[in-house]
A.B. asks: 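Take a look at this one; I'll ask things after.
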Protein chains: 2
Amino acid sequence: MKVSSKGEYALRALLLLGTHQGKVLGIQEISDKTLVTVHYLEQLLLQLKKLGYVTSKRGAKGGYMLQREAEEINIGAVIRDLEGPLSPMACASITQYEPCPLEEGCQLKPLWSLVRDTIAFVLERTTLDDLLQNRITKLEGGDFIVGKRTS
Amino acid sequence: MKVSSKGEYALRALLLLGTHQGKVLGIQEISDKTLVTVHYLEQLLLQLKKLGYVTSKRGAKGGYMLQREAEEINIGAVIRDLEGPLSPMACASITQYEPCPLEEGCQLKPLWSLVRDTIAFVLERTTLDDLLQNRITKLEGGDFIVGKRTS
DNA sequence: AAGTAATCCTATCAAAATAATTGGATTTAA
DNA sequence: TTAAATCCAATTATTTTGATAGGATTACTT
């Protein structure tokens, strides 16, 4: 159930750009602060650019900045764009469903669907701005997670 | 955020054994019903045996059966035993935490922790028996997933 | 007691996904 | 004009995962 370092690195870069909105950050500076190699960042940022998350400025004093507002950058979408479906199994994916020969009567699919839904719920309700503002609420003893709404 | 086919295959085998409790199932039969190759199943079942989930009977008419009651087999534990931590990132893992150089002040870790907690919550509250009884409740429009308890 | 059918078990190989590297082309500020 | 930076395609390396091979051991059956 891993998020690859690709996703982690991309989010680190987006967070850094988010904390310096309006400024152009060079790739070297991003590398220093995220601990990701310059070349690997290059690939990542290029991809993030094609996906519409960042813009770049070429040439001397060039670099990268966020293309959208931090509130408009959905973490679930970022991870999905970079790593594929959030679902733990393709049979339970909404965005890239693939059939499975055992599917009918499968006793696992409901579980995978539930896992997909909970992961998607958590990630899709979170924006880059939420992360920047430390607006993620840790689960604590009294929290509930899954169940029927009571009111 | 994938579950590997290793975990899927292992759960398929456990489910099949669970539907025939008390009976010894040959590896060929398990292969036929789970669509996993005999040799790969051999490896998996050997591992499941070492982990205490199944027992085997050698020789002619040999095969496998569950070692524990289906209610005592926790799906979260199975996946963890076979694939490692449920956490999407090592920095948020409870069972196999690993430090990260960016950890203090990291704005991502709270998110990874939340994801870990929700995945663990869903998987650890589910037993093999729950799957066998189709006792997994799909999320529907009116369901809630994460939040503070209101009463 | 022999034969056969099955698990056991180690070792190795293959494939896929992920991460990192290389090398140059292009653009822009100074 | 030069230097600093992004752009971009291609390649290589690493890791994880999945599959295969081959023989040793066990136990049922005749």
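Below, chain A is the first sequence line, B the second, and so on; all start at residue 1. Side chains included, hydrogens not; waters and symmetry mates left out as well; all remaining heavy atoms used.
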A.B. asks: Polar atom pairs between nucleotides 26-30 of chain D and protein, under 3.5 Å, N or O only, would you list them?
C.D. replies:
{"unit_1": "dT26(D)", "atom_1": "O2", "unit_2": "Gly59(B)", "atom_2": "N", "d": "3.4"}

A.B. asks: What residues from residues 62-69 of chain B pass a heavy-atom cutoff of under 4.0 Å to DNA chain D?
C.D. replies: none
A.B. asks: Going by the side-chain hydrogen bond (donor to acceptor under 3.5 Å, both in side chains) test, which pairs reach into residues 9-20 of chain B, not counting sequence neighbours?
C.D. replies: Glu8(B)-Arg12(B)
A.B. asks: Could you list the donor-acceptor pairs under 3.5 angstrom formed by side chains in residues 60-82 of chain A, with sequence neighbours left out?
C.D. replies:
{"unit_1": "Arg68(A)", "atom_1": "NE", "unit_2": "Gly52(A)", "atom_2": "O", "d": "3.3"}
{"unit_1": "Arg68(A)", "atom_1": "NH1", "unit_2": "Glu72(A)", "atom_2": "O", "d": "3.4"}
{"unit_1": "Asn74(A)", "atom_1": "OD1", "unit_2": "Gly76(A)", "atom_2": "N", "d": "2.9"}
{"unit_1": "Asn74(A)", "atom_1": "OD1", "unit_2": "Ala77(A)", "atom_2": "N", "d": "3.0"}
{"unit_1": "Asn74(A)", "atom_1": "ND2", "unit_2": "Glu124(A)", "atom_2": "O", "d": "2.6"}
{"unit_1": "Arg80(A)", "atom_1": "NH1", "unit_2": "Glu124(A)", "atom_2": "OE2", "d": "3.3"}
{"unit_1": "Arg80(A)", "atom_1": "NH2", "unit_2": "Glu124(A)", "atom_2": "OE2", "d": "2.3"}
{"unit_1": "Asp81(A)", "atom_1": "OD2", "unit_2": "Tyr53(A)", "atom_2": "OH", "d": "2.6"}

A.B. asks: Please report, rounded to the nearest Å, how far the P atom of dA4(D) is from the CD atom of Gln28(A).
C.D. replies: 13 Å
A.B. asks: Does anything in residues 91-116 of chain A form a salt bridge (charged side-chain N to carboxylate O under 4.0 Å, His left out)? List the pairs, not counting sequence neighbours.
C.D. replies: Glu103(A)-Lys109(A)
A.B. asks: Just how far is it from atom CG of Leu16(A) to atom OG of Ser31(A), taken to the nearest 0.5 Å?
C.D. replies: 10.5 Å
A.B. asks: What is the distance, to the nearest angstrom, from the CG atom on Leu44(B) to the P atom on dT17(D)?
C.D. replies: 13 Å
A.B. asks: Quick test: give all pairs of protein nitrogen or oxygen and nucleotides 18-23 of chain C nitrogen or oxygen below 3.5 Å, distance rounded to 0.1 Å.
C.D. replies:
{"unit_1": "dA19(C)", "atom_1": "OP1", "unit_2": "Ser5(A)", "atom_2": "N", "d": "2.8"}
{"unit_1": "dA19(C)", "atom_1": "OP1", "unit_2": "Ser5(A)", "atom_2": "OG", "d": "2.0"}
{"unit_1": "dA19(C)", "atom_1": "OP2", "unit_2": "Lys6(A)", "atom_2": "N", "d": "3.2"}
{"unit_1": "dA19(C)", "atom_1": "OP2", "unit_2": "Tyr40(A)", "atom_2": "OH", "d": "3.4"}
{"unit_1": "dA19(C)", "atom_1": "O5'", "unit_2": "Ser5(A)", "atom_2": "OG", "d": "3.3"}
{"unit_1": "dA20(C)", "atom_1": "N6", "unit_2": "Gln43(A)", "atom_2": "NE2", "d": "3.4"}
{"unit_1": "dT21(C)", "atom_1": "O4", "unit_2": "Gln43(A)", "atom_2": "NE2", "d": "2.6"}

A.B. asks: Please lay out, stage by stage, how Glu42(B) and Ile27(B) fare under the test side chain to side chain contact (heavy atoms under 4.5 Å, CB included).
C.D. replies: CA-CA 7 Å; Glu42(B) 231 173 41; Ile27(B) 215 169; 3.7 Å; yes
A.B. asks: Between C1' on dC8(D) and CG on Leu48(A), what's the gap in Å once rounded to a whole number?
C.D. replies: 16 Å
A.B. asks: I need the Gln107(A) CD to Leu128(B) CG distance, nearest 0.5 Å.
C.D. replies: 8.5 Å
A.B. asks: OG of Ser113(A) to CD1 of Ile94(A): how many Å apart, nearest 0.5 Å?
C.D. replies: 7.0 Å
A.B. asks: Could you check how far CG of Leu41(B) sits from C1' of dC9(C), rounded to whole Å?
C.D. replies: 16 Å
A.B. asks: Atom NZ of Lys50(A) and atom C1' of dT6(D): how far apart are they, to the nearest Å?
C.D. replies: 13 Å
A.B. asks: CG of Leu17(A) to NZ of Lys23(A): how many Å apart, nearest 0.5 Å?
C.D. replies: 11.0 Å
A.B. asks: Using 4.0 Å as the upper bound for N to carboxylate O, is an ion pair formed by Asp129(B) and Arg135(B)?
C.D. replies: yes
A.B. asks: Under the 3.5 angstrom rule, does the side chain of Lys2(B) hit a backbone N or O of Ser87(A) as a donor-acceptor pair?
C.D. replies: yes
A.B. asks: Apply the test side chain to side chain contact (heavy atoms under 4.5 Å, CB included) to residues Val38(B) and Leu41(B): give CA-CA distance (whole Å), side-chain angles for both, the deciding distance (0.1 Å), then the verdict.
C.D. replies: CA-CA 5 Å; Val38(B) 167; Leu41(B) 269 178; 5.7 Å; no
A.B. asks: Remember a base hit wins even if backbone is also touched, and classify Ile27(B) as base, sugar-phosphate or nothing at under 4.0 Å, heavy atoms.
C.D. replies: sugar-phosphate
A.B. asks: Separation of Leu46(A) atom CG from dT26(C) atom P, in whole Å?
C.D. replies: 16 Å
